[in-house]
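Both ligands and their constituent atoms are indexed starting at 1 by order of listing.
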Amino acid sequence: MSDLKLFNSLTRQLETFTPVHPGEARVYSCGPTVYNYQHIGNMRAYVFADTLGRVLSYKGYKLTHVINITDVGHLTSDADAGEDKMEKMAASQGKSAWDIAAYYQEDFERDLERLNIRKPAHPRATEYVDAMIEWGKSIADKHCYELASGLYFDVSTVPEYGRLARAVTDDGEGRIDEVEGKRNKADFAIWRKTPPGETRQMEWDSPWGRGAPGWHLECSVMSKALLGMPFDIHTGGIDHREIHHPNEIAQNQAHECSAETGARIWMHNNFLVERSGKMSKSSGEFLRLQLLVDKGFHPLAYRLMCLQAHYRSELEFSWEGLQAAFVRLKRMVMAVTALKARHAELVSASIVPNNPSVETERWTLKQVQGDVNVGSLSGRAAIFDTSIADDLNTAIALTSLEETIGLKTAGIAEKLQLIQGMDQVLGLNLLKLTRQDLRIRPQAATITEAEIEAALTQRKEARANKDFATSDRIRDELIAKGVEVMDGDPLDWDWKLDV
Ligand code: AMP
Ligand code: ZN
C-alpha cells in the first residue's frame, strides 16, 4: 500500500503521515456552533473530516475522532466583538440558551447520520468550562493580562504567532476588532467578563470574575483532554486557518511551554461557495441539508458532490451540479444492485459459494499486492489506493470505483468485495442503498410513489394491448403532476418527479 501523504497547512507541503502513537490516529475537528442549523457548506467540513477518518481506518490505524460542539462562547464576530451567538438566538426565539443548543445539536447529529458520517465523539464545550478555567490559570501570569472586559492573551509572548496563517503584517491582522486597551491587535479573549449590571444565561465564576470562556479556548482544552498533546491531525474549514487555529496554537504553546503547535498536521478544507447568498443563515431558502431532501435529493448525492472535488479546492454549489451527482449516485447504486442480484442467482444455483465473509479491514492489503494490471481487480485496487493516499484524491478514487463496478473480466464475488472495501472509504453506502431509498419525495409533490407506480403499471398494460390513447392519457396526467415518464431509461429508473 502507498504511504499516506497529507497536505499540512503549517508547512504548506505534502507530508507522509507518521502517527504520534504507533498504530493509532487521533483527529480533532472544529465542530459546529449550535445556535442555528448547519448549512451545507459547514457539512462539507465534516464530510472531509469523515473521509480523512475513513482513509486512516482503511490504512490500518485505530482512529479516535473528536468533533466538538460549541454551545458557549462564540461571538457573532470571530474577533472579540459582537454578541454571543447562543444568547442572541435564545433571546430571539424566547428559549433558553441550553434548549437552543440541545435542539440544534440534535439536528446536526441527524445531518451527520444522513451523510453517512461515522459517529465521532462530540463533547460539548460547556462540559469543559472548569478545565478551561484551569488552563487559563496556568497561562495567566506569563501570557495574559486583564482588562475591564476580561482576560486577554498577549500574542507577542509565544514564538511566531500566526505562522499558520502566514499573517506577518499588521494588515493581515487588521481584521481583528479592537478592544479598548489591547496590547496587540491580534490579542484575544481567554475569559470574557459579564459586563456590570448584566446577567447572562451561560456564565460561570472564575478568578477573573463571573463570565464565559473565549471561544478559542475550548478547542485547546478539549483536544488535549480527549486526544493528549501532541495529537495527530487537527482539521477545520479554511477560515479557521486565519484566526481560530493560530489562537489555539498560541494557547497550546503557552500551556505546554513549547514551540510545538499541539497537533502534528493541520488540515483545512476549502469552502463550498454559492454566489447568490443562499448559504447565509438569514436567507429565505437557506441551504441546509433538509432543503435538498425537500427538493427530492438524497443526502448522499451531496456527499458525492463533495467527493467529486478535491477538499482543498473551492466547490461551487449549483442545483445542476447536485442533480448530476445524484444521477451518478443512482447509476452506481443500480449497477451494484444488479451485481448483487446476479451474485445471489449464482449462489442459489450453487455456481459460486456464498459470499465469503468480507474481511473489510484487510481487503486492500490482499488486493493491492501482486500485479498492477489496470484490467484486473488488483490493478483497480492499486489505483484507488494510490489516489486516496495522495492527499485524499477522492475524485480519482471515485472513478476507480466506477471502473471496478464496470469491470467485465472479474469474478462477481471478488468484485463485490472490492467495491465494498472502496465504498467503506468513500462512504456512499452503495451496497445497502436501494432504488427505493433514492426515491425521495419532494415536499411540493402532489402524487405519491405508489400512485405513480400504479399508473405506470396501467400504462404498461395499455401499451401491451396497443391502447395508445389510454397510454398517452396516463402519461399526460402524470406530466401534469410533475412526473416525467422516462421510456427506455438506461438507468432503469422509469420516472422522475420534477417539482
Ligand atoms: P462554524 O459553525 O461557523 O464554526 O463552522 C463549522 C465548520 O464549517 C468550520 O470548520 C468552518 O470552517 C466550516 N465552514 C463554514 N462555512 C463553510 C463553507 N462555506 N464551506 C466549507 N466549510 C465551511
Ligand atoms: Zn476549534
Side-chain angles (χ1 to χ4, degrees), residues 9 27-52 66-78 82 84-86 89 100-101 104-105 107-108 111-112 115 117 120 122-125 128 132 164-165 188 213-227 231 233-252 261-263 266-283 286-289 302-303 305-307 309-317:
S9 296
V27 180
Y28 184 94
S29 305
C30 287
T33 306
V34 284
Y35 73 107
N36 202 335
Y37 297 111
Q38 294 297 293
H39 57 57
I40 57 172
N42 299 135
M43 297 317 290
R44 184 183 188 199
Y46 308 117
V47 168
F48 152 64
D50 179 59
T51 308
L52 171 67
V66 175
I67 300 183
N68 70 303
I69 301 285
T70 299
D71 58 351
V72 65
H74 201 165
L75 301 190
T76 46
S77 149
D78 255 5
D84 183 297
K85 288 185 181 186
M86 301 295 307
M89 187 54 124
I100 292 286
Y104 290 111
Q105 179 174 347
D107 188 80
F108 170 66
D111 280 358
L112 290 183
L115 289 168
I117 290 172
H122 34 62
R124 290 183 183 197
Y128 287 82
M132 290 190 230
L164 178 69
F188 56 90
W215 170 48
H216 312 292
L217 190 54
E218 66 178 79
C219 288
S220 286
V221 169
M222 286 193 270
S223 57
K224 170 149 185 170
L226 294 156
L227 303 176
F231 59 94
I233 304 174
H234 195 312
T235 81
I238 192 93
D239 52 332
H240 287 345
R241 200 180 67 184
E242 308 305 312
I243 301 171
H244 180 49
H245 289 171
N247 291 355
E248 271 187 54
I249 290 172
Q251 293 167 158
N252 296 347
T261 64
W266 294 75
M267 294 177 76
H268 297 97
N269 63 277
N270 212 324
F271 265 32
L272 179 82
V273 287
E274 204 279 327
R275 313 253 169 222
S276 65
K278 297 260 168 47
M279 209 116 78
S280 146
K281 294 186 179 177
S282 54
S283 87
F286 168 38
L287 262 181
R288 47 188 277 239
L289 201 60
Y302 178 64
R303 183 176 179 113
M305 188 180 183
C306 292
L307 296 177
H310 192 267
Y311 74 89
R312 283 195 284 124
S313 309
E314 268 193 354
L315 171 59
E316 176 111 22
F317 178 80

### Query
Is the closest heavy-atom distance from Asn270 to ligand 1 below 4.0 Å?
yes
### Message
Starting from atom 9 (C) of ligand 1, what is the nearest protein heavy atom, named by residue and atom, and what distance separates them?
### Response
His240 NE2, 3.5 Å
### Query
What about the rings of Trp266 and His244, do their centers lie closer together than 6.0 Å?
no
### Message
What's the separation between atom OH in Tyr128 and atom SG in Cys219, rounded to the nearest 0.5 Å?
### Response
12.0 Å
### Query
N/O/S atom of His216 under 2.8 Å from the Zn ion (ligand 2), yes or no?
no
#### Entry: Under 4.0 Å to a heavy atom of Gly41 - the qualifying atoms of ligand 1, by number
17 (C), 18 (C), 19 (N), 20 (N), 21 (C), 22 (N), 23 (C)
### Message
Could you report the tightest heavy-atom contact between Met89 and Tyr35, atom names first, then the distance?
### Response
CG-O, 3.1 Å
### Task
Specify side chain, backbone, both or neither for Asn42, according to which of its non-hydrogen atoms lie closer than 4.0 Å to ligand 1.
both
### Message
Evaluate Trp215 for polar contact with ligand 1, using N/O atom pairs at a separation under 3.5 Å.
### Response
no
### Task
Determine whether any heavy atom of His268 lies closer than 4.0 Å to an atom of ligand 1.
no
### Residue pair Ile67 / Pro32: nearest heavy atoms and the distance that separates them
CG2-CD, 4.1 Å
### Query
Do side-chain atoms of Tyr302 reach the backbone of Leu289 as a donor and acceptor pair under 3.5 angstrom?
no
### Query
When rounded to the nearest 0.5 angstrom, what is the spacing between CE in Met43 and CZ in Arg288?
11.0 Å
### Message
Suppose the criterion is salt bridge (charged side-chain N to carboxylate O under 4.0 Å, His left out): which pairs have a residue in residues 40-52, not counting sequence neighbours?
### Response
Asp50-Arg54, Asp50-Arg303
### Query
Taking Asn252 for the side chain and Thr261 for the main chain, is one N or O donor matched with an acceptor at less than 3.5 Å?
yes
### Query
In terms of side-chain heavy atoms, does Glu218 have a donor or acceptor partner in Asn68 at a distance below 3.5 Å?
yes
#### Entry: Which segment of Tyr46 sits under 4.0 Å of ligand 1 when only heavy atoms are counted
side chain
### Query
For Ile238, is at least one N or O under 3.5 Å away from an N or O on ligand 1?
no
### Query
Which of these, Thr33, Asp239, Asn269, Val273, has its nearest heavy atom closest to atom 11 (C) of ligand 1?
Asp239
### Query
Would you say Leu272 and ligand 1 have an N/O pair spaced under 3.5 Å apart?
yes
### Message
I need the SG(Cys219)-the Zn ion (ligand 2)-SG(Cys30) angle, rounded to 10 degrees.
### Response
130°
### Message
Closer than 2.8 Å to the Zn ion (ligand 2): does that hold for any N, O or S atom in His244?
### Response
yes
### Message
Between ligand 1 and Ala45, is the shortest N or O to N or O distance under 3.5 Å?
### Response
no
### Query
Is the distance between the Zn ion (ligand 2) and the nearest N/O/S atom of His240 smaller than 2.8 Å?
no
#### Entry: Partner of His245 under side-chain hydrogen bond (donor to acceptor under 3.5 Å, both in side chains), chosen from His240, His268, His216
His268
### Query
How far is atom 10 (O) of ligand 1 from its nearest protein heavy atom, and which residue and atom name does that atom have?
Gly237 N, 3.0 Å
